[in-house]
Each structure stands twice: as C-alpha cells, then as structure tokens.
Amino acid sequence: MFMRLKVKEALNALEEKQGIVLKGWIRTRRDSKGFSFLEINDGSCLKNIQVVLNWENIEKEYLAKLTTGASVVVEGDLVESPGKGQKWEVSARTVLLVGEAPADSYPLQKKRHSDEFLRTIAHLRPRTNKYGALNRVRSALAFGVHKFFQERGFFYVHAPIITGSDCEGAGEMFTVTALDLKSLKGKTDFKEDFFGQEAHLTVSGQLEAEILACALGDVYTFGPTFRAENSNTPRHAAEFWMIEPEMAFADLKDDMDLAEDMLKWLVGYIQEVCKDEIELFGRFLDKELFALLESVLQEPFARISYTEAIELLKKAKKDFEYPVEYGLDLQTEHERYLSEEYFKKPVFVFDYPKEIKAFYMRLNDDGKTVAAMDLLVPRVGELVGGSQREERLDVLVARMKELGLSEEDYWWYLDLRRFGTVPHAGFGLGFERLIMFITGISNIRDVIPFPRTPRNLEF
RNA sequence: UCCCCGGUAGCUCAAUCGGCAGAGCGGGUGGCUGUUAACCACUAGGUUGGCGGUUCGAGUCCGUCCCGGGGAGCCA
C-alpha cells in the first residue's frame with residue numbers, strides 16, 4: 001500500500017520511503033531527454049517537491065496534459081535527489097491526471113504577476129507562492145491570537161454581528177433588513193421590519209465585550225466587522241476582522257502593556273511557525289521587514305502623551321501640510337512622522353483631548369483629556385485604538401449629555417456602572433492591518449482572500 | 001468623496017511633433033539537455049477600457065463614463 005504524504009512531510013523526511021502518494025498541483029515542469037521534472041505543490045508549505053517522471057510508461061498525449069496548474073496524484077518513491085538544489089525528490093511510478101489546466105487559457109504563468117492582476121483572479125491567486133504564504137500566515141496568526149489570549153486566561157466571547165445600537169460613533173453602518181426594498185415606496189417604517197427597529201451590521205463588539213468582561217474578567221472578541229465608509233485606501237476594507245480584548249480591573253497602562261505584549265508575542269510566534277513564509281516576504285517584498293520585526297521583539301515601544309506628541313511635532317524640522325495645534329487630531333502625515341521617522345518603531349500616543357475622542361473613554365483628572373491610546377506603527381499607521389472606559393456613572397452620564405446622546409438607548413451600558421462597576425479597559429486591533437505589518441504586504445486587499453471594498457464584490 | 005497618475009497582445013511594458021501596432025515573458029511547433037526563473041530556433045496572437053467629438057488622418061488632442069494605482073479624509 002502507498003502512504004499519502006503532504007509535500008511538507010515528504011520534504012522533512014529523515015530517510016528514503018518506498019511507496020508514497022502525493023496529491024497536489026503542478027507548479028512547473030521541465031523536460032529532459034526521456035523524462036520530466038514536475039514541481040508539485042499541495043499548499044502544505046511554501047516549497048514544492050520535485051517529481052521525476054520517466055516517459056517509458058506514459059503516452060505522449062497524456063504527458064502533454066501534465067502542465068502548469070494541473071492537479072495530479074503521484075505514486076512513487078521518495079529518494080535522495082542526485083541533482084543539485086534539493087535533498088529529496090520523488091521517483092514516480094505513476095502519475096494520475098486529476099484535473100487539466102489547459103496551458104493556452106490557464107491564467108497563472110511561471111512568472112511574477114502583479115498584485116493588481118492577481119486581484120482580478122482571486123479564485124486562483126491562493127495558488128501562487130505569495131498568496132499561499134499569506135493564507136498560511138493568516139491562519140497561523142488567527143490561531144496565535146487565540147493561543148496568546150487563552151494562555152493568559154482570557155475568554156473568547158462572541159459579540160453579535162447584527163446590532164441595534166446605531167450610534168457607536170465608529171463610522172457609517174450597513175443596514176440589515178428583511179424588508180423588500182424593491183417594492184418599498186416612500187418612507188421606510190422599521191417597525192415593520194424583522195426586528196421591529198432599525199438594525200445594522202456591527203462596527204465594533206466593544207460595548208458587548210465590556211458586558212462580558214464585567215462578569216468573566218478578561219475577555220476578547222475576534223470576528224468580522226463592517227464599515228460602510230466610502231474609503232478608497234490601501235488600509236481600509238468594508239469587511240474586516242477585529243480583535244477586541246477587554247479587561248476588568250484594568251487601567252490605560254494595563255491596556256498598553258497588553259497591546260505591546262500581544263504584538264511582540266505574535267511576531268515571535270509567526271517567525272517560529274511560518275519561517276519560510278516570513279523569509280519570502282522579507283526577501284522579495286520588503287527588504288526592511290526583518291529589521292522591523294527584530295526591533296519589535298527587542299525594543300520596548302515608545303509611549304508619549306498627546307501633549308508631548310504635539311510639542312514634538314511642533315519642534316520637527318519638517319513642513320507639514322496640516323497644522324499642528326493642541327486640540328486638533330493627528331493627521332496621517334503626523335502619525336507617519338512619529339512612527340517612521342522620529343521613533344522608527346511602534347509608538348503609543350495616549351491621553352487625547354476629550355473633544356476628539358469617543359464618549360465612553362475615561363475622563364482624566366485634568367478634566368481635559370481622556371485615557372485613550374492609539375498604537376501607531378511604521379507603514380500601516382494606526383494598528384490599535386483603545387481606552388480605559390468611563391466607569392463612573394455620574395461622569396459618563398454628564399459626558400453623554402454634553403454630546404446629546406440618549407441615556408435610554410444605552411440603558412444597559414449604564415447599568416454596568418450602576419451595578420458593581422469596575423475600572424476596565426480594552427482596545428481594538430485590525431487583524432488585516434496586523435497581517436500587513438507582519439508580512440510587509442502593502443495593500444489590505446492582498447491580506448484577505450476576498451476583499452470587500454467600494455464597488456468590489458466579485459468573489 | 002476629493003487631488004494626482006495610469007488603462008496598448010494572455011502578462012509586464014514601449015510607440016518621437018497627430019502619420020504603416022512593437023518588444024520581453026507566456027502559448028504553439030521543432031530541437032537540445034539530471035533539469036532548477038532551464039536553454040536554442042521558428043510561429044500565432046490587437047475593437048489601443050467604453051461612448052461621443054476635433055482632424056485628410058487619433059494609441060496620441062478634447063468631453064464624458066468605467067476600471068486600476070498613489071495621496072488625502074474617515075478609521076482598525
């Protein structure tokens with residue numbers, strides 16, 4: 001009997017093995033006199049395995065169909081390769097063609113393709129080295145996120161995807177409805193709709209995570225998030241995955257410590273479990289990737305208050321397009337200067353003026369700033385946004401009044417402060433931006449298999 | 001949504017002042033070779049993003065729409 005091996009297992013073999021089966025796709029084929037070299041990849045790892053196929057037992061027409069992209073089952077023997085460039089190869093006894101990939105129409109060639117072109121064939125791009133690597137890294141990072149939190153006693157909680165709260169202030173929302181929009185005339189009455197009120201896709205699971213944190217202690221969410229903003233940038237998607245930890249009995253420093261620990265841990269983890277993939281990205285995509293990841297591992301992140309950041313930007317010998325003034329939000333050019341030029345590493349900016357931050361952030365003793373923090377990283381910009389939450393009922397209610405928010409809409413949120421309130425803090429981390437940071441891939445459309453962006457819903 | 005740049009062969013790109021549509025890679029055919037982005041020769045391949053306009057003549061100029069990239073805003 002033949003034993004099925006994944007390419008990864010075959011390449012890691014310690015000794016020759018008679019009678020193995022490989023199942024995968026032909027990446028390239030090179031012909032020599034009387035036999036062919038087939039490079040087989042099955043997605044289990046970045047590398048291909050070389051299969052040597054003798055022409056003696058094979059018809060010419062059949063051989064002609066063993067082209068780049070075709071799927072095959074190979075039965076043969078794993079032997080040491082007499083050629084240079086690889087330790088192991090498979091001497092084929094039989095090659096079964098499972099699915100053809102006609103060479104005159106198969107879009108993937110044995111050459112580098114542009115990211116823009118590959119996006120138009122998102123159903124085939126995972127079969128390339130770069131996107132295969134990306135998808136393995138994505139999987140490993142998702143698992144790593146769980147591993148990190150679970151090992152620290154955090155509980156994974158599920159926040160709802162359909163939500164009724166519509167003023168979380170995190171951007172435009174998609175409406176969810178069971179009404180027949182095509183037959184609706186005039187004004188929409190959401191009382192007639194499925195939930196009897198307006199419903200949306202979630203833009204954040206934070207408020208729900210706070211509820212669970214105030215019962216389980218330390219929790220995190222990890223799920224899809226939706227923003228209907230008409231954003232056309234390499235850093236925004238309409239559907240993305242967000243990680244939102246929330247800790248009871250924690251303050252802003254605990255929050256920043258967690259974000260820093262998490263990022264360092266994940267960088268170490270991915271270098272361990274996706275060595276070949278990170279190597280690929282560092283060598284061909286971003287020459288500075290290794291140095292950046294190394295600095296994440298070795299150096300503490302910078303931490304400066306918003307006030308210090310403003311002073312620093314004012315002293316900078318650099319012409320900014322937008323004004324730097326206390327009370328104004330930091331622009332992208334300012335954030336880039338801080339993380340890419342001044343500190344050249346991730347930097348937390350904390351204690352922002354309350355006017356430019358959300359209502360739920362905890363008011364500091366100065367009465368002017370709130371305990372908020374953003375983590376700015378080179379190339380990606382804002383990777384994390386978080387805060388200590390306002391746990392004092394009277395302060396929170398006063399703040400909501402200032403902003404004209406209805407207490408009724410948030411009755412359950414306010415109840416958390418009425419009954420056994422505790423200081424607590426959390427943050428949101430964009431999973432795709434994390435992948436961009438760790439791989440060096442520069443467009444968010446290329447770190448998620450099927451990106452959703454304005455006017456793009458093909459796959 | 002705003003600003004800038006681009007759209008020419010399957011892919012990546014060239015085409016002078018408005019004057020015959022080009023190359024490399026990929027494909028096909030043949031040759032060579034334990035090959036490694038294989039190599040050598042030959043060959044096929046075009047509604048120049050769509051629509052409209054200017055002109056004797058438009059890939060090239062004008063208008064408009066669509067698509068892509070970069071930057072900005074919004075944010076994770």
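Every heavy atom of this structure was used, including side-chain atoms; hydrogens, water molecules and symmetry mates were not. Throughout, protein chains are lettered first and strands after them, A, B, ... in sequence-line order, and every chain is numbered starting at 1.
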**Study point:** A:Gln206 CD - B:A76 C1' separation (whole Å)
**Key:** 12 Å
Exercise for review: Under 4.0 Å between any heavy atoms, over every strand shown, what does A:Gly428 touch: base, sugar-phosphate, or nothing? Just pick one.
Suggested key: sugar-phosphate
Review point. Can you tell me the Watson-Crick or wobble partner of B:A21, both distances under 3.5 angstrom?
Key: none
Review point. Taking atom P of B:A38 as reference, at what distance in whole Å does atom CG of A:Leu38 sit?
Key: 13 Å
Practice item. Starting at atom CD of A:Glu239, determine the distance to atom C1' of B:C75, rounded to an integer number of angstrom. Key: 17 Å
**Study point:** P spacing across the pair B:C20 / B:C25, given as an integer number of angstrom
**Key:** 26 Å
Practice item. Pick base, sugar-phosphate or nothing for A:Ser114, based on heavy-atom distances below 4.0 Å to the nucleic acid. Key: sugar-phosphate
Review point. Quick one: do the A:Ser32 and A:Arg30 side chains pair a donor with an acceptor below 3.5 Å?
Key: no
Exercise for review: Show your working on side-chain hydrogen bond (donor to acceptor under 3.5 Å, both in side chains) between A:Ser305 and A:Asp351 and close with a plain yes or no.
Suggested key: CA-CA 6 Å; A:Ser305 71; A:Asp351 288 351; over 6 Å; no
Review point. When we call it a touch if two heavy atoms are under 4.0 Å apart, what does A:His236 touch: a base, just sugar-phosphate, or nothing?
Key: base
Practice item. Assign A:Tyr322 to base, sugar-phosphate, or nothing according to its heavy-atom contacts below 4.0 angstrom with the strands shown. Key: sugar-phosphate
Check your understanding: Whole Å only: how far is the NZ atom of A:Lys84 from the P atom of B:G34?
Key -> 13 Å
Review point. Taking only N and O in the side chain of A:Asn443, is any of them less than 4.0 Å away from OP1 or OP2 of B:G70?
Key: yes
Practice item. For B:C32 and B:C17, measure between their C1' atoms and round to the nearest Å. Key: 49 Å
Check your understanding: What nucleic acid atoms does A:Val380 come within less than 4.0 Å of, heavy atoms only: base, sugar-phosphate, or nothing?
Key -> nothing
Exercise for review: Using Watson-Crick or G-U wobble geometry with both distances below 3.5 Å, tell me the partner of B:A14, or none.
Suggested key: none
Check your understanding: Between B:U16 and B:C11, how far is it from one C1' atom to the other, in whole Å?
Key -> 27 Å
Review point. How are the rings of A:Phe149 and A:Phe154 set relative to one another: parallel (under 30°), tilted (30 to 60°) or perpendicular (over 60°)?
Key: tilted
**Study point:** Given A:Glu246, A:Glu244, A:Gln150, the one that forms side-chain hydrogen bond (donor to acceptor under 3.5 Å, both in side chains) with A:Tyr220
**Key:** A:Gln150
Practice item. Give one of base, sugar-phosphate or nothing for A:Phe117, where a contact means two heavy atoms less than 4.0 Å apart. Key: sugar-phosphate
Point to revise | Distance-only donor-acceptor check, side chains A:Tyr360 and A:Glu210, under 3.5 Å | key: no
Review point. What interatomic distance, in whole Å, is found between P of B:A15 and the corresponding atom of B:G7?
Key: 10 Å
Practice item. Check whether any side-chain nitrogen or oxygen of A:Gln331 sits under 4.0 Å from OP1 or OP2 of B:G73, and answer yes or no. Key: yes
Point to revise | Distance, P atom - from B:A38 to B:G70, rounded to whole angstrom | key: 29 Å
Exercise for review: Rounded to the nearest angstrom, tell me the gap between atom CD1 in A:Ile243 and atom C1' in B:C75.
Suggested key: 16 Å
Check your understanding: Relative to the ring of A:Tyr156, is the ring of A:His146 parallel (under 30°), tilted (30 to 60°) or perpendicular (over 60°)?
Key -> perpendicular
Review point. Does A:Thr332 make a side-chain N or O approach to OP1 or OP2 of B:G73 shorter than 4.0 Å?
Key: yes
Review point. Under 4.0 angstrom, heavy atoms only, what part of the nucleic acid is A:Pro107 near: base, sugar-phosphate, or nothing?
Key: nothing
Exercise for review: Could you check whether the rings of A:Tyr269 and A:Phe143 sit parallel, tilted or perpendicular, using 30° and 60° as the cut-offs?
Suggested key: tilted
Point to revise | Separation of the C1' atoms in B:C66 and B:G50, to the nearest angstrom | key: 7 Å
**Study point:** A:Glu89 (side chain) and B:G34 (base): donor-acceptor pair under 3.5 Å
**Key:** yes
**Study point:** Sorted by number, the residues of residues 21-33 of chain A with heavy-atom contact under 4.0 Å to RNA chain B
**Key:** A:Arg30, A:Asp31, A:Ser32, A:Lys33
Review point. Is any N or O donor-acceptor pair between the side chain of A:Arg227 and the base of B:A76 shorter than 3.5 Å?
Key: yes
Check your understanding: Contact class for A:Asp104 (heavy atom, under 4.0 Å): base, sugar-phosphate, or nothing?
Key -> sugar-phosphate
Point to revise | Comparing A:Arg112 and A:Phe35 on RNA chain B - which has the more 5′ nearest nucleotide | key: A:Arg112
Review point. Checking only heavy atoms, does the side chain of A:Glu229 share a donor-acceptor pair with the base of B:U1 at less than 3.5 Å?
Key: no
Check your understanding: Is there a Watson-Crick or G-U wobble partner for B:C42 with both distances under 3.5 Å, and if so, which one is it?
Key -> B:G28
Point to revise | Pairwise C1' distance for B:U29 and B:C65, with rounding to whole Å | key: 44 Å
Exercise for review: Fit a plane to each ring of A:Tyr326 and A:Tyr306, take the angle between them on a 0 to 90° scale, and name the class: parallel (under 30°), tilted (30 to 60°) or perpendicular (over 60°).
Suggested key: perpendicular
Review point. From B:G68, B:U35, B:U1, pick the nucleotide closest to the side chain of A:Arg119?
Key: B:G68
**Study point:** Whole-angstrom distance between B:U48 and B:A21, as gauged at atom P
**Key:** 11 Å
Exercise for review: Could you pick out which residue, A:Glu116 or A:Ser231, lies toward the 5' side of RNA chain B when each is mapped onto its nearest nucleotide?
Suggested key: A:Glu116
Check your understanding: Judged by modelled atom types alone, do A:Glu333 and A:Tyr322 share a side-chain donor-acceptor pair under 3.5 Å?
Key -> no
Exercise for review: Report yes if the distance between the aromatic ring centroids of A:Phe359 and A:Tyr410 is under 6.0 Å, otherwise no.
Suggested key: yes
Check your understanding: Can you find a donor-acceptor N/O pair under 3.5 angstrom joining the side chain of A:Gln109 to the base of B:G27?
Key -> no
Practice item. Using a heavy-atom cut-off of under 4.0 Å over every strand shown, decide if A:Gln86 touches base, sugar-phosphate, or nothing. Key: base
Exercise for review: Look through every strand shown and name the nucleotide pairing with B:G6 as Watson-Crick or G-U wobble, where both distances are under 3.5 Å.
Suggested key: B:C67
